[in-house]
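Before any comments, here is the structure.
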Amino acid sequence: MAGQQQALHTQSLAELAKGLSKGEFSSRELIETLLSRIEEHDRSLNAFISVTADQALAVADASDKARSKGEAGTLAGLPIVYKDIFCTKGVLTTCGSRILENFVSPYDATVVERLSSAGAVMLGKTNMDEFAMGSSSETSYFGPVRNPWDTVRSPGGSSGGSAAAVAARLTPAGTGTDTGGSIRQPAALTNTVGLKPTYGRVSRYGMVAFASSLDQAGVITRTAEDAAMLLSVMAGFDERDSTSVDHPVPDYVSGLTVSLKELKIGVVRQHFDAGLNEQCAARVKDALNVLEQQGASLIEVDLPNLDLSVPTYYVVAPAECSSNLSRFDGVRFGYRADGAKDLLDLYRRSRGDGFGAEVKRRIMTGTYVLSAGYYDAYYLKAQKVRQLISQDFKNAFEKVDVIAGPTTPTPTFPLGEKTDDPITMYLNDIYTIGANLAGLPGISVPCGFVDDLPVGLQLVGPHFAEETILACAHQYQQLTDWHQRCPEAYQ
Amino acid sequence: MSLSKEQVQHIAALACLQLDEDEFDDIVAKLSSIVDFVDQLQQVPTDDVVPMAHPLDQVQRLRPDVVTETNERDAFQANAPAIQDGFYLVPKVIE
């Protein structure tokens, strides 16, 4: 096939960057290709809330012009989509909620600002669970996102729009946020790579807040290499986020080829207990063997409090959400109910109509666990158990460099199957929540299929060990081709 | 049901949420199941455990007390449901 170019929509960011710099195609051609794919395919997926076509083409043209003068940033002319939780100046930022249905952000999130300065071109804003509260992308006011591998099934959530768009080759990359698994879980369920960095690694400024001690921004891509490229631009101190950490940012791309020979990989005994689908367990074990063949050693470790991570999370996250979402009052921005009889009635009706059922449940759970007489029994207790869970990881990381295991207990599930039972839905996140509670970086990488549905391998590292988990994921992808598989209708 | 209808009404009032009558029973049932689920934490011995305040054991960073923001009232109020003369309008509070 000498001389024949690989279709633009199938290429990774790294491949596209090379093609652009060699002049094989222009950013306009690339962006037009993807915009027409979005137009053709998004009807079947509902992955986008807004498509910013005119703006994207203008930025692409400006990028082509700058390149012709020899000026090109690291991501010049490359496409990206933003989960609709990231504020984008002059563009609708809904967070998947009726209460922000008409909210046009007056400023850019730091993540958006940094990616834009590096030259990235925004194609649009992606659908998500309302306020990122969900594991299936079904709680969106704008309707559920569908999984390109089987459109009657969920792509996972909450960053399901970005994951579905990347999986269906509508974009090579998208941003996400991860409070309990919202990047890694949809990545696993859509055959994509999802990276959640260390807490504080990427600025949360301009990211609509859900649970501030857990929230972290990251990316969904098809390769670990692309995730490394994006993280190198997104990471770093930001004085506008009080939880941002002032810690040096390495060049994550050059770290990808570090040898795995001496690497000690922890395999968690509790991961393979009853809740894990047997075939998923088999795929994950195959992946571990691939890493072992590269010279890494597999060492059994324990996370004895793994089972407590979900109940701990469902105290801490709702408590923080009830506090963060008190800002939505129908006065300064967002939806306002008509015909309120007084100010309190205005608040209550605007919030009652503006929030969906799951968001209301979480606000009320949080209000309850923080209310007089219950704070010690629930919130304080949960913060103590969180300490135990975090300590379990510290103990494990004294013996190993990374922990590897399943990202989710099962492959994806049909839309509507779990919406009526919050607890079953919450248990989807059993393997991912621990990293949020302990503030650790984690990545999910495609590791095979069960009944034609994708399965993810999760790698979790100590604080600021993004380089290690990215290297591990990258080298695994050099030896496997799961991530190159594309759902048939979207090739 | 671990939560009564009255308790849920109280929580809704504290959270400033108007709930429709027809969604009420469902909310009581689901909130009760969530509370029952998180109640398993009560069984965990944590007597000598220090509650976790921050994933990286960091303290809140402070900044010098100087003005850094410019006035962007017009831009911000462009998103407000009702304004007049630079003020946000709400239903009458004082008779």
Side-chain angles (χ1 to χ4, degrees), chain A residues 102-104 106 198-200 213 239 242-243 245 308 311-312 314-315 322 326 329-336 340-349 351-353 355 357 360-361 363-365 367-369 371 377-378 380-388 390 422-423 426 437-439 463, chain B residues 3 7-8 10-20 23 26-31 33-58 60-63 68 72 74-83 88-93 95:
Chain A
N102 298 315
F103 179 72
V104 177
T198 305
Y199 181 73
S213 79
E239 62 179 12
S242 64
T243 62
V245 181
L308 296 173
T312 301
Y314 278 97
V315 173
S322 79
S326 64
D329 59 3
V331 174
R332 290 157 304 142
F333 48 81
Y335 171 83
R336 168 181 282 198
K341 61 181 195 295
D342 57 32
L343 187 58
L344 189 60
D345 192 42
L346 174 80
Y347 294 153
R348 297 185 61 195
R349 290 173 49 182
R351 290 164 61 80
D353 296 349
F355 293 132
K360 282 190 255 192
R361 272 198 290 279
I363 291 174
M364 292 178 71
T365 307
T367 303
Y368 176 69
V369 300
S371 62
Y378 288 107
L380 198 67
K381 184 78 183 181
Q383 291 289 46
K384 287 180 178 179
V385 180
R386 185 177 179 184
Q387 186 78 274
L388 297 175
S390 178
I423 304 301
Y426 295 173
L437 292 172
H463 293 135
Chain B
L3 294 178
Q7 270 178 303
V8 174
H10 176 63
I11 299 165
L14 288 175
C16 276
L17 288 171
Q18 177 82 47
L19 302 178
D20 290 341
E23 60 180 336
D26 185 56
I27 288 178
V28 173
K30 283 181 178 153
L31 270 188
S33 75
I34 294 167
V35 169
D36 291 343
F37 176 69
V38 301
D39 262 339
Q40 62 183 288
L41 295 178
Q42 308 310 327
Q43 311 307 318
V44 185
T46 52
D47 283 353
D48 300 320
V49 181
V50 181
M52 188 161 159
H54 190 288
L56 301 171
D57 294 329
Q58 290 203 335
Q60 191 75 29
R61 190 178 66 247
L62 300 176
R63 63 168 177 82
T68 55
E72 295 181 65
D74 290 347
F76 294 151
Q77 289 197 330
N79 272 304
I83 53 163
Y88 294 98
L89 295 186
V90 294
K92 200 170 182 181
V93 178
E95 288 303 324

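Protein chains get the first letters and strands the later ones, always in sequence-line order, with residue 1 at the start of each. Small disclaimer: the values here were computed from a predicted structure and weren't measured.
A salt bridge does not link A/R349 with A/D353: none of the charged nitrogens is closer than 4.0 Å to a carboxylate oxygen.
Chosen from B/L14, B/T68, B/V8, B/I34, the residue pairing most often with chain A at heavy-atom distances under 4.5 Å is B/I34. In terms of heavy-atom pairs under 4.5 Å with chain A, the best-connected choice from B/V38, B/L41, B/D36 is B/L41. Chosen from A/A357, A/A340, A/P106, the residue pairing most often with chain B at heavy-atom distances under 4.5 Å is A/P106. By number of non-hydrogen pairs under 4.5 angstrom with chain B, the leading residue of A/R351, A/H463, A/K360, A/E239 is A/R351. With respect to chain A, the highest number of heavy-atom pairs below 4.5 Å among B/A75, B/A80, B/P51 belongs to B/P51. Looking only at heavy-atom pairs under 4.5 Å with chain B, the residue among A/A377, A/G330, A/A382 that has the most is A/A377.
Of the atoms belonging to A/S326, not a single heavy atom falls under 4.5 Å from chain B. Only the side chain of A/L344 comes within less than 4.5 Å of a heavy atom in chain B; its backbone stays farther off. The contact between B/V90 and chain A is made by backbone and side chain atoms together, counting heavy-atom distances below 4.5 Å. For B/Y88, the part sitting under 4.5 Å from any heavy atom of chain A is the side chain, from C-beta outward, and nothing else. Proximity to chain B is absent for every atom of A/S322, based on heavy atoms less than 4.5 angstrom apart. Looking at B/Q60, the atoms closer than 4.5 Å to chain A (heavy atoms on both sides) all sit in the side chain, from C-beta outward. Residue B/L62 does not touch chain A at all, counting heavy-atom pairs closer than 4.5 Å. Contacts of A/D329 with chain B are absent, with no heavy-atom separation under 4.5 Å from either backbone or side chain. For chain B, the nearby part of A/S371 is the side chain; its heavy atoms alone come within less than 4.5 Å. Contacts of A/L346 with chain B are made by side-chain atoms alone, with heavy-atom separations under 4.5 Å and no backbone atom involved. Heavy-atom distances place the side chain of A/I423, and not its backbone, under 4.5 Å from chain B. Proximity to chain A (any heavy atom under 4.5 Å) is shown, for B/H10, by neither the backbone nor the side chain. Neither the backbone nor the side chain of B/D74 comes within contact range of chain A, judged by heavy atoms closer than 4.5 Å. Heavy-atom distances place the side chain of B/Q7, and not its backbone, under 4.5 Å from chain A. Only the side chain of B/E23 comes within less than 4.5 Å of a heavy atom in chain A; its backbone stays farther off.
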Quiz prompt | Verdict with supporting geometry, A/Y378 and B/D39, side chain to side chain donor-acceptor pair (under 3.5 Å) | solution = CA-CA 8 Å; A/Y378 288 107; B/D39 262 339; 2.8 Å; yes

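Between the CD atom of B/Q58 and the OG1 atom of A/T243 there is a distance of 9.0 Å, given to the nearest 0.5 Å. In this structure, CG on B/D20 lies 12.0 Å from CG on B/D26, to the nearest 0.5 angstrom. Atom CZ of A/R361 and atom CZ of A/F355 lie 14.5 Å apart (nearest 0.5 Å). Rounding to the nearest 0.5 angstrom, the gap separating the CG atom in A/N102 from the OH atom in A/Y335 is 11.0 Å. For the atom pair A/Q383 CD and A/T312 OG1, the distance stands at 9.0 Å (nearest 0.5 Å).
Not one N or O on the side chain of A/S390 forms a donor-acceptor pair closer than 3.5 Å with the backbone of A/R386. Here the side chain of B/Q18 pairs no donor or acceptor atom with the backbone of A/G352 at under 3.5 angstrom. Between the A/K384 side chain and the B/V44 main chain, no donor and acceptor come within less than 3.5 Å of each other. Listed for the B/N79 side chain is a donor-acceptor partner under 3.5 Å among the backbone atoms of A/V104.
For CD of B/Q40, the number of neighbouring non-hydrogen atoms (other residues, nucleotides, ligands) closer than 6.0 Å is greater than 12.
Using a 30° and 60° split on the angle between ring planes, A/Y426 and A/Y314 fall in the parallel class, below 30°.
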